[in-house]
Amino acid sequence: MPPSTGVTPPSGPPDWAALRNKISLLLPGESGYDNAKRVFNPAFDGLKPAAIANCAKPEDVQEAVSAAARRVPIAARSGGHSYAGYSVPDGGLMIDLGGMSSVDVQGEQVVIGAGAKLKNVYATLGAAGRCLPAGSCPSVGIAGLTLGGGIGVLARKYGLTCDHLVSAQVVTADGKLRTASAESEPELFWALRGGGGGNFGVVTSFTFRTDPAPSAVSVFSLRFPAGSADDVLAEWQRWLPEAPPELWANVVLSGGSPVGARVSGCYVGDSASLGKLLDGFPGATRSVKQLDYLGAMKYFSGGESRQSFVASSRILGEPADPAKLTSVLKGRRGMDLLVDGLGGAVADVAPDATAFWHRKAIGSVQIYSQADTRNRSVATDSVAEVVTGLGLGGGYVNYIDPALPDWMTAYYGGNVTRLKQVAKTYDPDKVFGFAQAVTPD
């Protein structure tokens, strides 16, 4: 394992000219630079990396890390969906992993490059008749999703994305390419499963175990009369924990007067069996479709257009007072509170077995508000007011929020001390440091 260096940091900026002789590099002002640094949220368009390394193989990442380590901030960009824009290091080196996006199904396993997007992962797996539980947004990168845990619509049946990780290739702060698995670098392997993107090193590829793709996945949407949000949330909190793990559902509360409510989800099985489970919601307008695995993933995928937004998260550890959660949304048009169900296979894993701590929660709560350059500060203040009013603790690191109080404990709970030790072992000099990085101190 790499020891703490204790060496005086090098001075001066990286030698970009020398690095350009080894890998593809873009500098400010060059053709393609402005487009290359763009991420999903336009709010971060003003950030300006000192250089962008376009990496096509692990050796490129090693060269980039070695050239920039302890000279400028370093951040990897896979899908570019960091809610805080952390994959665009202002004045630092962005390591663009988009050139490493292969998806190679090998029997019951799949090897996925760290730059792969979920839409391509699902398409390849679906064609091969295999299944990997993951997120829903098609342009999200497999890397950030996995490293933060990986909550998705099949999580109750199959677990988190990180629960399927067999091994990962990682370039650590010393520029070495390491294999992290249960047998090799086991502490790093533990940390990569829920310890958050951007920490400990740059993953270049993942090997996952997969499951046979289910032949039928039935999707559904339930809509309710105006003014019923409290009753819907109360019933959802009772209904989902008692449901079989084949069923996953979320509840979305939409700000307004009155607050709106809808429930949607999926069931690994046929639509007739799903219909019986939905009888727990009388009075709802029901829409049900029976699809195959790939069809269901496309159903949940939504669009790929860039979106300007402000968001935060909390964890629903136990049933909450519905009126308290809905009251803070009254009159707040353009703001949604989304509760994604957990339980089932997620809860079958101990909270300290991986770095993902929130194993026993009912669900993760995302507070999402539309925002543009004119109202971003207002939206930010509004989200902060809502999350304070909810009275909930915890947070999901994949919905990272720079304003989250005691964010380390919120994201990682009782796993904080062990994560700090992993950082001390693999990145003692904070080569991959950023505002919410896991660091030794």
Side-chain angles (χ1 to χ4, degrees), residues 1-5 7 9-10 14-16 18-20 22-25 49-80 82 86-87 89 92-102 111-116 141-148 162 165-181 184-193 195-208 355 419 422-434 437-440:
M1 293 184 181
S4 177
T5 63
V7 176
D15 186 341
W16 299 127
L19 183 58
R20 172 168 270 165
K22 300 175 181 177
I23 65 174
S24 174
L25 202 67
I52 302 171
N54 298 304
C55 297
K57 55 185 183 298
E59 292 79 8
D60 293 347
V61 177
Q62 289 179 273
E63 293 286 0
V65 169
S66 297
R70 299 191 298 161
R71 292 181 181 272
V72 295
I74 301 173
R77 193 268 299 278
S78 175
S82 169
Y86 288 144
S87 56
L93 175 64
M94 173 193 280
I95 297 179
D96 186 349
L97 301 170
M100 307 170 67
S101 58
S102 61
V111 180
I112 304 177
I142 190 66
L145 177 80
T146 302
L147 297 173
C162 73
L165 188 63
V166 174
S167 66
Q169 296 293 301
V170 191
V171 176
T172 47
D174 54 7
K176 293 183 178 179
L177 181 64
R178 302 173 186 274
T179 299
S181 68
S184 173
E185 317 285 358
E187 282 299 290
L188 180 58
F189 180 60
W190 173 85
L192 294 177
R193 291 174 291 160
N199 294 313
F200 318 118
V202 178
V203 177
T204 59
S205 70
F206 301 84
T207 299
F208 297 97
L419 282 167
V422 175
K424 183 178 181 180
T425 300
Y426 289 94
D427 190 12
D429 299 316
K430 305 178 186 177
V431 167
F432 301 107
F434 57 99
V438 175
T439 57

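Side chains are part of it too, since the values below use all heavy atoms of this structure and drop only hydrogens, waters and symmetry mates. Quick caveat, the model's predicted, so the values are computed rather than measured.
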Where is the tightest heavy-atom contact between Val65 and Ala173, given as atom of each residue plus distance?
CG1-O, 4.0 Å

Tightest non-hydrogen contact, residues Ala76 and Ser87, listed as O-CB, 3.5 Å

Considering only heavy atoms from C-beta outward, does the side chain of Phe200 approach that of Leu147 to under 4.5 Å?
no

Show the atom names and distances, to 0.1 Å, of all donor-acceptor pairs under 3.5 Å that link a side chain in residues 92-102 to residues at least two apart or in another chain.
| from | atom 1 | to | atom 2 | distance (Å) |
| --- | --- | --- | --- | --- |
| Asp96 | OD1 | Gly98 | N | 2.8 |
| Asp96 | OD2 | Arg77 | NH2 | 3.0 |

So does Gly175 get a backbone contact from the side chain of Gln62, meaning a donor-acceptor N/O pair under 3.5 Å?
yes

Can you find a pair of side-chain heavy atoms, one from Gln169 and one from Val203, that are under 4.5 Å apart?
no

Which distance, rounded to the nearest 0.5 Å, do you find between the OG1 of Thr172 and the CG of Leu177?
8.5 Å

Ignoring hydrogens and geometry, is there a side-chain-to-backbone donor-acceptor pair from Ser205 to Ala114 under 3.5 Å?
no

Is a side-chain donor-acceptor pair under 3.5 Å present for Glu187 with Tyr426?
no

Which atom of Ala355 lies closest to which atom of Ala191, heavy atoms considered
CB-O, 3.7 Å

Sub-4.5 Å side-chain heavy-atom contact between Val170 and Leu192:
yes

Please check if the side chain of Asn54 supplies one atom and the backbone of Leu25 the other of a donor-acceptor pair under 3.5 Å.
no

Rounded to the nearest 0.5 Å, what separates atom SG in Cys162 from atom CH2 in Trp190?
11.0 Å

Audit row: Val166, Phe208, side chain to side chain contact (heavy atoms under 4.5 Å, CB included) steps and yes/no
CA-CA 5 Å; Val166 174; Phe208 297 97; 5.7 Å; no

Partners of Ser184 by side-chain contact (heavy atoms from CB on, under 4.5 Å), sequence neighbours excluded?
Thr179, Ser181

Is a side-chain donor or acceptor of Asn199 paired with a backbone partner of Val438 at a separation under 3.5 angstrom?
yes

Find out whether Phe206 and Leu165 are in side-chain contact, i.e. whether some heavy atom of one side chain is under 4.5 Å from a heavy atom of the other.
yes

Using only atom types and a distance under 3.5 Å, with no angle test, would you say the side chain of Asp429 pairs donor to acceptor with the backbone of Val431?
no

State, to 0.1 Å, how close Asp427 and Phe432 come at their nearest heavy-atom pair, and which atoms those are.
OD2-N, 2.9 Å

Is any side-chain heavy atom of Val72 less than 4.5 Å from a side-chain heavy atom of Pro14?
yes

What are the two closest non-hydrogen atoms of Arg71 and Ala67, and how far apart are they?
CD-O, 3.5 Å

Please report the closest heavy-atom contact between Ala116 and Ser78, naming both atoms and the distance.
O-OG, 4.3 Å

How long is the span from the OG atom in Ser66 to the NZ atom in Lys22, to the nearest 0.5 Å?
8.0 Å

